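Since the model is a prediction, treat every value here as computed from it, not as a measurement.
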Amino acid sequence: QVQLVESGGGLVQAGDSLRLSCVASGRTFSSYIMGWFRQAPGKERTFVATIARSGERTYYADSVKGRFTISRDNAKNTVYLQMNSLKSEDTAVYYCAARVGIGVLTHESYYDSWGQGTQVTVSS
């Protein structure tokens with residue numbers, strides 16, 4: 001497993017942008033599939049985006065497609081989530097997750113490392 005630390009959350013207004021970062025410990029970051037998930041108050045955690053270990057493939061939830069972009073910098077052991085045109089319904093705690101493997105993963109049960117989460121609040 002790998003240690004993950006998210007940052008970049010905050011309070012923004014609808015229509016604003018925010019970039020989340022997730023830094024991983026260790027020297028094998030390029031072996032990991034990375035994902036972002038979110039959990040709104042009173043709701044289950046849901047998939048947001050995932051990226052393959054070299055960044056060659058990405059996949060998004062329909063609710064964020066065209067607004068959010070996942071990327072990674074393997075030299076910095078970091079995965080990003082650029083969030084544009086934020087809506088009130090994007091308000092949630094955002095978690096990054098990791099799993100050694102090939103391709104992308106959309107279900108949380110496949111990930112075995114999780115960060116502590118970062119709060120994103122979008123006011124309308």
Chemist: For this output row, return yes or no: ring centroids of F37 and F47 closer than 6.0 angstrom.
Modeler: yes
Chemist: Should Q116 and E6 count as side-chain neighbours, where that means a heavy-atom distance under 4.5 Å?
Modeler: yes
Chemist: Please tell me if the side chains of V104 and I51 come closer than 4.5 Å, counting only heavy atoms from C-beta onward.
Modeler: no
Chemist: Within the 3.5 Å criterion, strictly below it, is a donor on Y111 or R99 matched to an acceptor on the partner's side chain?
Modeler: no
Chemist: Which atom names give the shortest non-hydrogen contact between V12 and L86, and what distance separates them?
Modeler: CG2-CD1, 3.7 Å
Chemist: Counting C-beta onward and ignoring hydrogens, is there a side-chain heavy-atom pair between Y94 and Q39 closer than 4.5 Å?
Modeler: no
Chemist: Compute both the distance and the angle, then confirm whether R67 meets the cation-pi test with Y60: under 6.0 Å from the six-membered ring centre, within 45 degrees of the axis.
Modeler: no
Chemist: With a 4.5 Å cut-off on side-chain heavy atoms, are T50 and I33 touching?
Modeler: yes
Chemist: Which atoms form the tightest heavy-atom contact between G117 and V93, and what is the distance?
Modeler: CA-CG1, 3.8 Å
Chemist: Can you tell whether the side chains of D90 and K87 come within less than 4.0 Å, N to carboxylate O?
Modeler: no
Chemist: Looking only at heavy atoms, what is the nearest atom pair of A98 and Y32, with distance?
Modeler: CB-CD2, 3.7 Å
Chemist: Ignoring hydrogens, what is the shortest heavy-atom contact between R53 and G101? Give both atom names and the distance.
Modeler: CD-O, 3.4 Å
Chemist: Could you give me the CA-CA distance, side-chain angles and deciding distance for W36 and F68, then say whether ring-ring contact (aromatic ring centres under 6.0 Å, His included) is met?
Modeler: CA-CA 11 Å; W36 284 99; F68 290 11; 9.9 Å; no
Chemist: Less than 4.5 Å apart, any side-chain heavy atom of V48 and any of L81?
Modeler: yes
Chemist: Taking side-chain contact (heavy atoms from CB on, under 4.5 Å) as the definition, give me every residue that meets it alongside T78, ordered by chain and number, with sequence neighbours left out.
Modeler: S21, V23, K76, Y80
Chemist: Between T121 and Q119, is there a side-chain donor-acceptor contact under 3.5 Å, judged purely by atom types and distance?
Modeler: yes
Chemist: For M34 and L4, what are the C-alpha separation, side-chain angles and deciding distance, and is it a side-chain contact (heavy atoms from CB on, under 4.5 Å)?
Modeler: CA-CA 10 Å; M34 299 300 296; L4 303 171; 4.0 Å; yes
Chemist: Please name the pair of heavy atoms, one in N84 and one in S17, separated by the smallest distance, quoted to 0.1 Å.
Modeler: OD1-OG, 2.9 Å
Chemist: Within the 4.5 Å heavy-atom criterion, are R38 and L20 side-chain neighbours or not?
Modeler: no
Chemist: With no hydrogens and no angle check, is any side-chain donor or acceptor of R72 less than 3.5 Å from a backbone partner on F29?
Modeler: yes
Chemist: Would you find a donor on one side and an acceptor on the other, under 3.5 Å apart, between the side chain of S88 and the backbone of V122?
Modeler: no
Chemist: Taking all heavy atoms of T91 and all of P41, pick out the closest pair and write down the distance.
Modeler: O-CD, 4.3 Å
Chemist: Ignoring hydrogens and angles, tell me if any N or O in the side chain of S113 forms a donor-acceptor pair with the backbone of V2 under 3.5 Å.
Modeler: yes
Chemist: Nearest 0.5 Å please: distance from the NE2 atom of H107 over to the OG1 atom of T46.
Modeler: 11.0 Å
